[in-house]
Amino acid sequence: MRYLSVLLSGGLLALATVPSLAQQAGESSAMQHNMQGGDMGSTMGMHMMTVTVTAIDGKSGQVDGTAGGMALKLHFPPPSLAGVKTGDKLMIHLSFHKV
């Protein structure tokens, strides 16, 4: 099962492969630390969720998925989706800040 980590902040998304849950926990902690200060401003609504990919358009970067019984539409830079396919599980890290 492939796990991917996604950071949403101020409308920008980044996608990175996470080889292990232990590394994911460390990255999540570092990400939370980085997002609470510096250039990011006041980060709000930070949380994580596992999303199952139900459809993917590699040309547009559009990913449809489900999490907790809810449908989601996500967008990523198309090259970052290489190797992602329907049925994959993505660990999504979300937050936002007002600009």
Side-chain angles (χ1 to χ4, degrees):
M1 194 178 302
R2 179 187 315 239
Y3 284 91
L4 300 174
S5 175
V6 180
L7 165 64
L8 168 64
S9 182
L12 300 176
L13 291 172
L15 183 67
T17 301
V18 179
S20 71
L21 292 176
Q23 181 179 354
Q24 173 188 332
E27 287 178 358
S28 178
S29 176
M31 182 187 330
Q32 186 171 5
H33 175 74
N34 289 339
M35 290 171 50
Q36 289 176 346
D39 298 323
M40 296 296 285
S42 178
T43 301
M44 302 183 305
M46 186 180 305
H47 66 285
M48 298 182 329
M49 67 175 73
T50 301
V51 175
T52 302
V53 176
T54 58
I56 185 168
D57 182 342
K59 290 183 181 181
S60 70
Q62 181 81 32
V63 175
D64 294 340
T66 59
M70 297 179 3
L72 299 170
K73 289 194 175 283
L74 304 168
H75 183 266
F76 304 95
S80 70
L81 295 173
V84 177
K85 62 187 181 313
T86 301
D88 282 351
K89 295 199 182 296
L90 310 177
M91 179 59 69
I92 307 294
H93 298 254
L94 301 158
S95 70
F96 66 94
H97 70 270
K98 292 183 178 184
V99 292

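All values derive from a computational prediction rather than experimental measurement.
- With hydrogens and angles ignored, the 3.5 Å screen pairs no side-chain donor or acceptor of H75 with any backbone N or O of K73.
- Between K59 and D57, the shortest heavy-atom contact is N-OD1, 3.0 Å.
- Considering every non-hydrogen atom in both L72 and A67, the closest pair reads CD1-CB, 3.8 Å.
- In this structure, M70 has no side chain to side chain contact (heavy atoms under 4.5 Å, CB included) partners at least two apart in sequence or on a different chain.
- The nearest pair of heavy atoms linking S42 to H97 is O-CB, 3.0 Å.
- For I56, the side chain to side chain contact (heavy atoms under 4.5 Å, CB included) partners two or more places apart in sequence, or in a different chain, are V53, V63, L81, V84, T86.
- The two residues P78 and S60 make their nearest non-hydrogen contact at CG-C, 3.9 Å.
- Separation of atoms CE (M49) and NE2 (H93) is listed at 11.0 Å; rounding is to 0.5 Å.
- From T43, atom OG1 reaches atom NZ of K98 across 13.5 Å, with rounding to the nearest 0.5 Å.
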